[in-house]
Amino acid sequence: MELFTPELGLVFWMFIAFIILFFVLAKWGWPIIIKNMEQRADTIDKGVEYAKEAKAQLDSARADAQKFLDDARKQQAEILRDAAKMKSQIIEEAKKEASEEAKKVMDAAKVSIEQSRKEAELQFRDEVSKFSLDIAEKMVRNQLKSDKAQTELVNKLLDEIENN
């Protein structure tokens, strides 16, 4: 069992070697290890800060993008409302112009019809008076065939002229 139980001298020298190694490491090794660990922690902290800043910038960019999208949607809606308004105005103007044109055409037609009616009426009167004169002439000729009838007619007309 000697292999498993160390002798006192071996333990003593191992203890001395351990203490020397401990002091060497404490003097030169641990400060370098601690310094590297602190640098690594600082690097990790800076990375976390950069990540937070990047996340904040990303959130800000997303908010700006959303704001631009909202503005674009509002402008689109406004443009569509203006277009609809312009469409209705153009339609109203076209209806108004068509109505005015139709009124002008109707007025011109009424004037033309009235003129045609007056011309027809004048022509009718001329025709009626011409027929009346022809009929009267034929009747007077029949009645005035005799000299006695002619004398009576002349006397009658002279009496009427004197009375007026």
_Quick one: does any side-chain atom of S60 pair with a main-chain N or O of A56 as donor and acceptor, under 3.5 Å?_
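The answer is no, because no donor-acceptor pair under 3.5 Å joins these two groups.
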_Nearest 0.5 angstrom please: F18 CZ to L21 CG, how far?_
7.5 Å
*asked:* Let me confirm one number: the CD1-NZ distance from I44 to K46, rounded to the nearest 0.5 Å.
replied: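 Rounded to the nearest 0.5 Å, the CD1-NZ separation comes to 12.5 Å.
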What's in the same ILVMFWY side-chain cluster as [X], cut-off under 4.5 Å, chained through other members?
X   : answer
I19 : F15, F23
M14 : L10
Y50 : none

For residues 124-133, which side-chain donor-acceptor pairs fall under 3.5 Å, sequence neighbours excluded?
residue: S129; atom: OG; partner: R125; partner atom: O; Å: 3.0
residue: S129; atom: OG; partner: D126; partner atom: O; Å: 2.9
residue: S132; atom: OG; partner: V128; partner atom: O; Å: 2.8

*By side-chain hydrogen bond (donor to acceptor under 3.5 Å, both in side chains), which residues pair with D59, not counting sequence neighbours?*
K55
*With sequence neighbours left out, write down each residue that passes side-chain hydrogen bond (donor to acceptor under 3.5 Å, both in side chains) with K52, or none if nothing qualifies.*
none
Sequence neighbours excluded and cut-off under 3.5 Å, please list the side-chain donor-acceptor pairs for residues 27-42, or say none.
residue: N36; atom: ND2; partner: I32; partner atom: O; Å: 3.4

*Does E121 CD have over 12 foreign heavy atoms under 6.0 Å away?*
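Buried by this count: over 12 neighbours within 6.0 Å.
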*With a 4.5 Å heavy-atom cut-off, do L80 and Q76 have their side chains touching?*
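Side chain of L80 against side chain of Q76, heavy atoms only: contact under 4.5 Å found.
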*asked:* Any non-hydrogen side-chain atom of E162 less than 4.5 Å from a side-chain atom of D159?
replied: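 Of all side-chain heavy-atom pairs linking D159 with E162, at least one is under 4.5 Å.
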*What residue pairs, at least two apart or across chains, pass salt bridge (Lys or Arg N to Asp or Glu O under 4.0 Å) with a residue in residues 98-115?*
E114-R117
*asked:* Show me the pairs that pass salt bridge (Lys or Arg N to Asp or Glu O under 4.0 Å) and involve residues 71-96, at least two apart or across chains.
replied: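 Found D70-R73.
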*asked:* Which residues pass the side chain to side chain contact (heavy atoms under 4.5 Å, CB included) test with I20, not counting sequence neighbours?
replied: I16, V24
